[in-house]
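Residue numbering restarts at 1 for every chain, and letters A, B, ... go by the order of the sequence lines. Just so you know, these numbers use all the heavy atoms, side chains as well, and skip hydrogens, waters and symmetry mates.
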Protein chains: 2
Amino acid sequence: MSKSARKPNKPVKTRPGRTGLSRPRLIDEALELLQESGLAGLSTRRLAERLKVQSPALYWHVRGKDELLQLVADAICAQMVLPAKARSPRERLEAIAHEYRRVLTAYRDAPRLFAEQPPVGPNRIKLYDAAVGALLDEGFPAADAIAMATFYRHYLLGMIIEEVRDQQPGHIEAPFSAFALGVELTRLGKAASEFPNLAGAADLLTHMSPKKLFAMGLKVLLDGLQAHLNP
Amino acid sequence: MSKSARKPNKPVKTRPGRTGLSRPRLIDEALELLQESGLAGLSTRRLAERLKVQSPALYWHVRGKDELLQLVADAICAQMVLPAKARSPRERLEAIAHEYRRVLTAYRDAPRLFAEQPPVGPNRIKLYDAAVGALLDEGFPAADAIAMATFYRHYLLGMIIEEVRDQQPGHIEAPFSAFALGVELTRLGKAASEFPNLAGAADLLTHMSPKKLFAMGLKVLLDGLQAHLNP
DNA sequence: ACCTGAACACCGTTCAAGT
DNA sequence: ACCTGAACACCGTTCAAGT
């Protein structure tokens with residue numbers, strides 16, 4: 001994947017002034033840059049530098065940075081293995097969810113990338129289509145299936161964003177991680193008595209694994225869908 | 001709120017070199033700038049210009065841009081009216097959700113701001129505490145209540161983000177709006193047959209109001225929570 | 001067709017210096 | 001204590017010009 005089409009030892013000089021730039025190479029290198037430097041480090045200029053090209057060169061292959069990011073997101077999405085249609089709808093929805101989580105946690109800042117960029121591109125649409133398909137097979141009327149697929153997506157994305165945020169070293173400000181919540185509560189100082197329900201929260205959060213949390217949330221969502229189906 | 005502490009006609013010259021800058025004034029003006037120019041337009045330099053101050057001056061009152069954004073988010077959060085504890089837990093959760101939606105849709109780019117910045121600050125924590133409180137009263141064990149509150153938050157945020165994205169004029173790329181999905185499907189061209197389940201989706205999405213969608217998603221979530229409580 | 005050079009209009013932040 | 005001036009190290013993008 002990331003080790004594709006690199007220049008061989010003897011550079012294939014197609015023509016003078018030609019650098020062998022291409023959309024796939026852009027995407028490939030952008031993915032590596034994302035892994036190394038995160039979303040903030042993925043700038044057009046740094047990407048150009050990596051490709052040994054002046055940054056305006058990118059704009060011949062890509063409309064702008066947003067399109068580049070959408071292409072990167074779609075490339076990440078391409079790695080998800082969608083479940084076979086033979087399996088039950090609920091199993092499919094679960095499988096999609098876990099694939100989503102698996103792939104998005106594998107790439108640095110991928111959850112944020114997916115949340116920021118609109119779901120554009122064949123692979124992201126394909127994923128959406130798969131979710132809608134499962135919901136249709138579950139028995140939802142078409143309009144509901146589409147709505148539910150949207151909920152489903154946001155739910156997953158939100159949970160994965162939070163899970164990943166906690167993993168970032170130094171990024172302990174998010175008070176939904178055990179440690180950070182404690183920090184924030186003490187930072188807010190004596191007013192902490194205003195938050196009676198969060199008193200023991202910090203401790204409790206320590207004992208929950210992200211994977212279990214994710215599975216728990218998924219179950220809540222799927223049960224909610226089921227309830228909507230059989231009122 | 002936004003019309004507070006502005007300089008009167010006769011500027012109160014406290015001391016030479018003193019500009020009357022303060023944290024509340026920063027937050028106030030930042031909120032207005034956000035309304036006018038959106039999240040991308042809310043830069044430290046533009047904010048300084050509005051306050052008739054050199055941009056480094058801000059750094060005496062605020063640690064950096066992130067802290068500023070967190071303060072802004074917390075100020076927005078302060079406008080939410082939390083439900084009385086007398087009401088039933090489910091009613092409270094519904095009320096919180098609708099307040100969340102009401103306030104976040106009132107401020108430009110507020111949903112994105114809330115998603116990007118970690119939930120730090122007294123008002124955001126208070127909101128979190130209120131949700132956890134309702135869930136505890138509903139009968140959840142403490143650990144579950146905290147987990148559920150996290151799901152709840154992400155769910156709401158995700159749905160509101162998508163709803164607002166569609167409202168932005170020109171920002172029609174998100175294929176979860178009726179129009180944009182149609183655009184994207186045709187953009188992907190002949191491969192559209194790969195997405196059998198999305199065929200009529202564009203039309204269906206047209207007939208769903210954001211408010212109804214939001215309420216529907218909320219019901220799904222709350223039903224899911226209920227199912228978790230009574231298995 | 002594909003890329004460079006130069007430029008434009010921005011960013012967030014630091015830090016010595018002023019008052 | 002509170003702010004300015006100057007500077008640093010960046011951004012994304014446009015556009016004429018080159019090959």
*Expressed as a whole number of Å, how far does the P atom of C/dC10 sit from that of D/dA9?*
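To the nearest whole Å, 22 Å.
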Run the side-chain contact (heavy atoms from CB on, under 4.5 Å) test against [X] and tell me which residues pass, sequence neighbours left out.
| X | result |
| --- | --- |
| B/Asp129 | A/Phe195, A/Pro196, A/Asn197, A/Leu198 |
| B/Ile27 | B/Leu71, B/Ala75 |
| A/Ala110 | A/Ile76, A/Leu104, A/Tyr107 |

Exercise for the section: Can you sort out the partners of A/Tyr59 under ring pair (Phe, Tyr, Trp, His ring centres under 6.0 Å), two or more places apart, ordered by chain and number? Expected result: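 For A/Tyr59 there are no ring pair (Phe, Tyr, Trp, His ring centres under 6.0 Å) partners, ignoring immediate neighbours.
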Q: Mind checking ring pair (Phe, Tyr, Trp, His ring centres under 6.0 Å) for B/His61 and listing every partner two or more places apart, or none if nothing turns up?
A: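 Checked B/His61 against ring pair (Phe, Tyr, Trp, His ring centres under 6.0 Å); zero matches.
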Applying the Watson-Crick and G-U criteria (both distances under 3.5 angstrom) with [ ] for crossing and | for other-strand pairs, one obtains for DNA chain D ||.|||||...|||||.||
d([atom1], [X]; [atom2], [N]) in whole Å:
| X | N | atom1 | atom2 | answer |
| --- | --- | --- | --- | --- |
| B/Leu42 | C/dG12 | CG | P | 8 Å |
| B/Leu58 | D/dC2 | CG | P | 14 Å |
| A/Trp60 | C/dC3 | CH2 | P | 8 Å |
| A/Arg23 | C/dA1 | CZ | P | 16 Å |
| A/Leu47 | D/dC11 | CG | P | 11 Å |
| B/Leu51 | D/dT4 | CG | P | 11 Å |

Query - Residue-phosphate contact under 4.0 Å: B/His61 side-chain N/O, D/dA1 OP1/OP2 - result: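 No, no such contact exists.
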- Task: Choose from C/dA1, D/dT13, C/dT14 the nucleotide whose nearest atom is closest to any side-chain atom of A/Lys65.
- Result: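 Nearest to the side-chain atoms of A/Lys65, counting from C-beta on, is D/dT13.
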### Query
Any idea which of D/dC3, D/dT13, C/dG12 is nearest the A/Tyr59 side chain?
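Nearest to the side chain of A/Tyr59 among the choices is D/dT13.
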With a 3.5 Å cut-off and sequence neighbours excluded, list the donor-acceptor pairs that the side chains of residues 44-52 of chain A form with protein atoms.
from: A/Arg46; atom 1: NE; to: A/Gly41; atom 2: O; distance (Å): 3.3
from: A/Arg46; atom 1: NH2; to: A/Ser37; atom 2: OG; distance (Å): 3.2
from: A/Arg50; atom 1: NH1; to: A/Glu29; atom 2: OE2; distance (Å): 2.7
from: A/Arg50; atom 1: NH2; to: A/Glu36; atom 2: OE1; distance (Å): 2.9
from: A/Arg50; atom 1: NH2; to: A/Glu36; atom 2: OE2; distance (Å): 2.6

Set of residues satisfying side-chain hydrogen bond (donor to acceptor under 3.5 Å, both in side chains) with respect to A/Arg108, sequence neighbours excluded:
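Checked A/Arg108 against side-chain hydrogen bond (donor to acceptor under 3.5 Å, both in side chains); zero matches.
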Between the protein and nucleotides 5-10 of chain D, are there any N/O to N/O pairs under 3.5 Å, and if so, what are the atom names and distances?
none

